[in-house]
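Structure record follows, encoded as structure tokens.
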Amino acid sequence: MLSAADVPGWTDVYFNRTENIVVAQGDMQVTYAFFIRRPVLAALGPMLECLEKVTIEKGVKVDVALPFKEGAWVGAGEPIAFLTGPFSQLASLETILLQKLGSCCVAAHNAYQMAMSMPRTPFLAMDARHCTGPEMQIMMSYAAAVGSRAAHQEGAVGFVNSANDVTAFLFGQAQGAGTMPHALVGYAGSTIRAAEIYHDRYPQEKMTVLVDYFAQEVTDTIALCQRFPRLAEKGDLSIRLDTHGGRFLEGLDTQKSYAILEKHVPGVTRRYRSEAELRYLIGSGVSAAALWRMREVLDAHGGAHVKIVASSGFSVEKCLAMHDARAPADIVGTGSYLPHKWDETYATADIVAYDGVLRVKSGREHLMARWQDFRKSK
């Protein structure tokens, strides 16, 4: 996290120049209104932590007024925070604080939507590989935790852990969770051998095995149940489906996928579906049909207690389709709650009062009105 000394180098030049002018011409107390242009969940933790760190180092007092509790729904354009303090100290912080606000709030909203779309399914936050560095990694996992808590209050299971140790604490865990990577399966030369060497090294751990590496999801799943019957019976064995979107699960095609869904969830494909929805239901990759097929295979070959971990492109839309098809995924691993459209994450801040005098950029009068309303409510 940036220190106070780092801020001038990372903020926009015009903010530094503004601060210099204000110092020379005379400082004043200003109130900033922060907002985001799309609906979000309030996830301000990283922004407020940064603000606290920098202002403590500077010895500056900034009053923070939050109209919404953390995890609350915030409408598009609604002020999500008001900051009041000396203009000479706050101007250069605008860029830094906005960086930590928008994407975090949007990701929290997406995580909430995903959890509510599949309310009975636990989620694993596998966002790290999609992040640009450790700081973003913390922000996205924090967002997943905030969105998950909001969903949990409405009865959903939500996100239960992350895939790495550093962010596991955000989900109340001592360490991260996850499966073996494809790289280990390739190293071992076979799915069964990868499971064997994994189990030899971590005999006390529950084991989740990737079964799509060799395009033999069904064959290798049956072999795993036969090779590890005790783990399968105890429920300590899981298989993970991450089938590439360019091919179908072993033994499936479009027509067979239709048949499987008609068998387990009659009528789910009969009403109008968009092209994307159909792909999630009966298309290639990890479809609802693929999950139902794997459940059939497990139940028929001693794997009734073996769990299915589903991954690969589980966006909000895919989760909705999976719920509609009652897809038997026991856990969903995803990083896809990261914003699909980055421009939706852009947060903005405007000053709405200068030394208590209300004044704002034309077109943003609603922010000033919200500030007035907020003060009257307190």
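What you see is a predicted model, and the numbers here were worked out from it, not measured in a lab.
The closest donor-acceptor contact from the side chain of D220 to the backbone of E217 lies at 3.5 Å or more, if one exists at all. At least one donor-acceptor pair under 3.5 Å links the side chain of K318 to the backbone N or O of S312. Listed for the D27 side chain is a donor-acceptor partner under 3.5 Å among the backbone atoms of S88. With hydrogens and angles ignored, the 3.5 Å screen pairs no side-chain donor or acceptor of Q29 with any backbone N or O of Y354. Distance alone, capped at 3.5 Å, places no donor-acceptor pair between the D12 side chain and the Y14 backbone. Judged by distance alone, the side chain of T167 and the main-chain N or O of S162 form no donor-acceptor pair under 3.5 Å. A donor-acceptor pair under 3.5 Å is formed between the side chain of S377 and the backbone N or O of F374. A donor-acceptor pair is defined here as one N or O able to donate and one able to accept, closer than 3.5 Å; no such pair exists between the side chain of Q173 and the backbone of N161. The closest donor-acceptor contact from the side chain of E365 to the backbone of G363 lies under 3.5 Å. In this structure, the side chain of D330 engages the main chain of I308 through a donor-acceptor pair within 3.5 Å.
Open room surrounds CH2 on W10; 12 or fewer heavy atoms of other groups in view lie less than 6.0 Å from it. Crowding of F214 atom CZ: a count of heavy atoms from other residues, nucleotides or ligands under 6.0 Å exceeding 12. Under a cut-off of 6.0 angstrom, the local environment of NE2 in H130 is crowded, with over 12 non-hydrogen atoms contributed by other residues, nucleotides or ligands. Within 6.0 Å of the CZ atom in R247, the count of heavy atoms belonging to other residues, nucleotides or ligands exceeds 12.
Looking at heavy atoms from C-beta onward, P67 lies out of side-chain contact with I80 at the 4.5 angstrom threshold. Side-chain contact between S238 and M207 is absent, with no heavy atoms from C-beta onward closer than 4.5 Å.
Between R375 and D373 no salt bridge is recorded (no basic side-chain N to carboxylate O distance below 4.0 Å). Taking the charged nitrogens against the carboxylate oxygens, E57 and K53 do have a contact shorter than 4.0 Å, which makes a salt bridge. Classification of R193 and E196 as a salt-bridged pair holds, one side-chain N sitting under 4.0 Å from a carboxylate O. Salt-bridge formation is detected for the pair R273/D324: a Lys NZ or Arg NE/NH1/NH2 atom is positioned less than 4.0 Å from an Asp or Glu carboxylate oxygen. Using a cutoff of 4.0 Å between basic side-chain nitrogens and carboxylate oxygens, D350 and K361 are not scored as salt-bridged.
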Subject >> Residues T84, T31; criterion side-chain hydrogen bond (donor to acceptor under 3.5 Å, both in side chains); working and verdict >> reply: CA-CA 4 Å; T84 301; T31 297; 2.8 Å; yes
**OP:** List the steps, then state whether side-chain hydrogen bond (donor to acceptor under 3.5 Å, both in side chains) holds for D212 with T243.
**Re:** CA-CA 5 Å; D212 62 278; T243 301; 5.3 Å; no
Subject >> Derivation and outcome, salt bridge (Lys or Arg N to Asp or Glu O under 4.0 Å), residues R279 and E275 >> reply: CA-CA 6 Å; R279 185 172 67 254; E275 183 178 347; 5.0 Å; no
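When all heavy atoms of P122 and V160 are compared, the closest pair comes out as CB-CG1, 4.0 Å. Among all heavy-atom pairs drawn from M180 and A195, the shortest one is CE-CA, 4.2 Å. Nearest approach of L281 to S287, heavy atoms of both residues: O-CB, 3.6 Å. For V146 against G71, the heavy-atom pair with the smallest separation is CG1-CA, 3.6 Å. For A325 against W292, the heavy-atom pair with the smallest separation is O-NE1, 3.0 Å. T11 and I96 make their closest contact through N-CD1, 4.2 Å (heavy atoms, listed as atom of the first residue, atom of the second, distance).
A distance of 6.0 Å or more separates the ring centres of F82 and Y32.
A donor-acceptor contact under 3.5 angstrom links the side chains of S311 and D242, judged on distance only. At a cut-off of 3.5 Å, with distance as the only test, a side-chain donor of Y112 or E154 sits close to an acceptor on the other residue. Under 3.5 Å, the side chains of H264 and E296 contain a donor-acceptor pair of N or O atoms. Residues N164 and Q137 bring a donor and an acceptor atom of their side chains to less than 3.5 Å of each other. If you check the side chains of N16 and S92, you find no donor sitting under 3.5 Å from an acceptor.
In this structure, OH in Y198 is found 12.5 Å from CG in D200, a value given to the nearest 0.5 Å.
Using cut-offs of 30° and 60° on the angle between ring planes, the pair F35 and H366 is perpendicular.
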